[in-house]
Amino acid sequence: MRQRAGGPEGNDVTGFSPRFSAGGRGAASQQAQAGRSPVLDVAQVEVLRSYGSEHEMAAGDVLFADGDVTYDLIVLLAGQARIVERRGQPGETVIATYGRSQFLGEIGLLTGQRAYLSAVASTAGRVLRVPVDQVRVVMAQETGLSELILRTFLLRHSILTGRGSGLTLIGSRFDAGTRRLLEALARNRLASTWLELEGSPEAEGMLRELDVPVGDLPIVVVPGGPLLRNPGSRELLEALGMSGPSDTELSGVCDLLVVGAGPGGLAAAVYGASDGMATVLAEDTALGGQAGTSSRIENYLGFPAGLSGEELAARAALQAQKFGVRIKLGSKAVSLASDSGVHRISFDDGDAITAKSVIIATGARYNRLPLDRLAEFEGVGVYYAATQMEAQACRAGPVAIVGGGNSAGQAALFLSRSSAQVDIIIRGKTLEASMSRYLIDQIERNPRITVTPRTQVTALLGKEQLEGVELLDTGRQRRSVLAVRGLFVFIGAQPSTQWLAGQLAEDTRGFLLTGSNIPQAHLDDRDQVPLFLETSRPGIFAVGDVRSGSVKRAATAIGEGSMAVRLVFERLQATGSAVADPPRADGEGRSAPLAMTPGQTGQTR
Ligand SMILES: Cc1cc2nc3c(=O)[nH]c(=O)nc-3n(C[C@H](O)[C@H](O)[C@H](O)COP(=O)(O)OP(=O)(O)OC[C@H]3O[C@@H](n4cnc5c(N)ncnc54)[C@H](O)[C@@H]3O)c2cc1C
């Protein structure tokens, strides 16, 4: 048990708990509350009991505290507990109250994120504590329970994100560092609040309190943790406990290095590790890639009600952990060198990983509009993703979306839930040529969405924040102004291949060529016929959006990622590097995990 704390007095601001909040509620609201505060049945508690241990608690005991590097899954066997924000500080608030057979926690418990809220016993009672490594076993082995826990954690996380709980970023909208951090927070789906330096008495007060000069901005305040001054991605993730293994743990030669953790990279890593390869997955920004920023993927097989990018990323990350993938987060690959069939990839944090085979799944980056003042508004009015964080930033004001593809359509539908007016601006005459029919049908039925054809955005307007955009009707050559709080840009993407410095064969747009599409003259080894998905260098494969000719879809990336693993085995066998059987078409032939080979460091060139 932890130390006692003075019990905070406050209201249940989210109404998490159906049992302990006063006042009558409708059936729908009760159902929603049951989703975020489920009551475990006797059998479920019994299952969890076999993974944890029981402890008495006294009123005022702190069950976990903000800043704790990790915390247990806590099930209340008797008594009540409160989830408290800013415990012991001005503005202390009770977020939720839980009672018997309910469990505490949110998705950060599974992603390894440092706790940013505290749990305090409000009465005496008894708890079951399940340590986080055992929770991972539960998630891998107890199907029904793992589904319930995951859904509850995701729902709670989404409510906390909507409230702006968690980290506090203080910085100026005109500062590139602030915008970079805003992107990192959004891509990692970290619950946070941004206090703008300009005109925010709260920001000024906090800087005085923390004794931080304006020159040190932007800063990130981690509840109960360190104060970070203009941190890089890795430093931020390290402070939150989410960056993965350090370089010393990654020494030696691994069987498979996957670069990029979008759907393609996650699939490759999960299949690689589950087929017995020592697998490392390295990612620059956040697990989930572009798909992680999608508000709702509706055409993904098996999820008729759609699935959010956040859920897809969370589920895949759990699978990767289950099969023992080593995830290195916040590390950007900056160069590739190969020698004698061994590949060495260096990262911007100074680490280097040597691998027998590499799968490149670095996807693509969004195209930007050629507009003056774009950099001034990126991340603070101009966005390349539409998630709850961006919707919250637009504060229900009108928004415009540029682009006519499926991502633009999904963004429009999502944003219409919070904004009364959503304009889709397209250069063409209709959406038919570029968007799936199911999205067009929903857009046509939605009274909050307007499609403006044959139009381009020509300027961004506003003094301190985006207030509007100038439009050009290209048919009538007429200009007009549209008042908007946010501009969402979905106009295609460029492949993330610059770090390869042209070593692998590319098409004219920079996407990686694979298999029979590679001209013979561009092959590194003309005696080796490249396998499907293999690049011009034997042993290096490309999957998903980064690959020339791939269909730019989550399911395609996942399919290619999993297929590439079999091809990796084939190549390793052909070169005599494999020490395990490849997975066979009938699903048999699983092999023991290949060990990382300490001390083997490939020569580079
Ligand atoms: C808003 C939105 C909605 C979408 N909706 C749908 C949909 O409904 N259905 C559908 O099928 N598809 C949808 N898509 C498309 C789908 O998300 C992509 O096709 C898919 O994510 C491609 O997966 P990927 O793994 O190839 O690449 P990505 O998802 O782009 O992932 C690449 C990853 O590599 C990382 N990376 C890049 N360079 C480096 C480097 N040098 N070092 C380390 N890491 C690096 C990136 O940070 C990124 O995380 C949507 C896309 C967007 C943006």
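This chain uses plain numbering: 1 for the first residue, then up along the sequence. Quick caveat, the model's predicted, so the values are computed rather than measured. In listed order, ligands and their atoms are each counted from 1.
Residue contact annotation: F490 has a non-hydrogen atom under 4.0 Å from ligand 1. Using a non-hydrogen distance threshold of 4.0 Å, N406 does not register as a contact of ligand 1. Within the structure, the closest approach of A286 to ligand 1 falls below 4.0 Å when heavy atoms are considered.
For the pair W194 and L181, the minimum side-chain heavy-atom distance is 4.5 Å or more.
Any N or O atom pair closer than 3.5 Å counts here, and R187 shares at least one such pair with ligand 1. The shortest N or O to N or O distance between Y384 and ligand 1 is not under 3.5 Å. Between A554 and ligand 1, an N or O atom pair is found at a separation short of 3.5 Å.
Proximity annotation for atom 23 (O) of ligand 1: of G262, A333, P263, P263 comes nearest, heavy atoms only. The heavy atom nearest to atom 8 (O) of ligand 1, out of those in Q410, R547, Q290, is found in Q410. Taking all heavy atoms of S331, A313, A361 into account, the minimum distance to atom 32 (C) of ligand 1 is reached by A361. Of the listed residues (D284, D545, T497, L266), the one carrying the non-hydrogen atom nearest atom 18 (C) of ligand 1 is D545. Proximity annotation for atom 36 (N) of ligand 1: of V334, L312, T362, L336, T362 comes nearest, heavy atoms only.
Side-chain contact annotation: S536 with H522, donor-acceptor N/O pair under 3.5 Å absent. Inspection of the N230 and R180 side chains reveals an N or O donor paired with an N or O acceptor under 3.5 Å. For the residue pair E106 and Y116, a side-chain donor N or O sits within less than 3.5 Å of a side-chain acceptor on the partner. In the model, E183 has no side-chain atom that pairs as donor or acceptor with a side-chain atom of Y384 under 3.5 Å.
A donor-acceptor pair under 3.5 Å links the side-chain atoms of S308 to the main chain of E311, judged by distance alone. Side-chain atoms of S357 come within 3.5 Å of backbone atoms of D255 as a donor-acceptor pair (strictly under, hydrogens ignored). Proximity of a side-chain donor or acceptor of T362 to a complementary backbone N or O of S496 within less than 3.5 Å is detected.
For atom 34 (O) of ligand 1, the nearest non-hydrogen atom of the protein is G260 CA, 3.3 Å. The closest protein non-hydrogen atom to atom 27 (O) of ligand 1 is G363 CA, 3.5 Å. Among protein heavy atoms, the minimum distance from atom 25 (O) of ligand 1 is reached at G264 N, 2.8 Å. If you check which protein heavy atom lies closest to atom 50 (C) of ligand 1, you get S407 CB, 4.5 Å. Remark: minimum distance from atom 9 (N) of ligand 1 to any protein heavy atom is reached at N299 OD1, 3.0 Å. In this structure, the protein non-hydrogen atom closest to atom 46 (C) of ligand 1 is E283 OE2, 3.4 Å.
When all heavy atoms of V325 and V270 are compared, the closest pair comes out as CG2-N, 4.3 Å. Nearest approach of G177 to P218, heavy atoms of both residues: C-CG, 3.8 Å.
Considering S416, S418, S419, P398 in turn, S416 is the only one that fulfils the side-chain contact (heavy atoms from CB on, under 4.5 Å) rule with R448.
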Return all side-chain donor-acceptor pairs below 3.5 angstrom for residues 541-551, not counting sequence neighbours, or 'none' if the list is empty.
unit_1 : atom_1 : unit_2 : atom_2 : d
D545   : OD2    : Q290   : NE2    : 2.9
R547   : NE     : E560   : OE1    : 3.1
R547   : NE     : E560   : OE2    : 3.3
R547   : NH1    : T514   : OG1    : 3.0
R547   : NH2    : E560   : OE2    : 2.9
S548   : OG     : D507   : OD2    : 2.9
S550   : OG     : G544   : O      : 2.8
S550   : OG     : R547   : O      : 3.4
S550   : OG     : K552   : NZ     : 2.9

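In the vicinity of K552, heavy-atom distances shorter than 4.0 Å reach the ligand 1 atoms 19 (O). Of all atoms in ligand 1, listed by their number and element, those nearer than 4.0 Å to a heavy atom of G289 are 29 (O), 31 (O), 48 (C), 49 (O). Close approach of ligand 1 to W499 (heavy-atom distance below 4.0 Å) involves ligand atoms 41 (N). For ligand 1, the atoms closer than 4.0 angstrom to any heavy atom of T285 are 47 (O). The atoms of ligand 1 that sit less than 4.0 Å from any heavy atom of K332 are 41 (N), 42 (N). For ligand 1 and G544, the ligand atoms under 4.0 Å from any heavy atom of the residue are 26 (O).
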Check against side chain to side chain contact (heavy atoms under 4.5 Å, CB included), L287 and N188: CA-CA 7 Å; L287 299 181; N188 281 285; over 6 Å; no

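Cation-pi geometry between K328 and F347 is met: under 6.0 angstrom from the ring centre, within 45 degrees of the axis.
When the shell of 6.0 Å around CZ of R437 is examined, it contains more than 12 heavy atoms from other residues, nucleotides or ligands.
Distance remark: protein heavy atom present below 4.0 angstrom from atom 43 (C) of ligand 1. Atom 2 (C) of ligand 1 lies below 4.0 Å from at least one non-hydrogen atom of the protein.
For A364, every heavy-atom contact with ligand 1 shorter than 4.0 Å involves the backbone, none the side chain.
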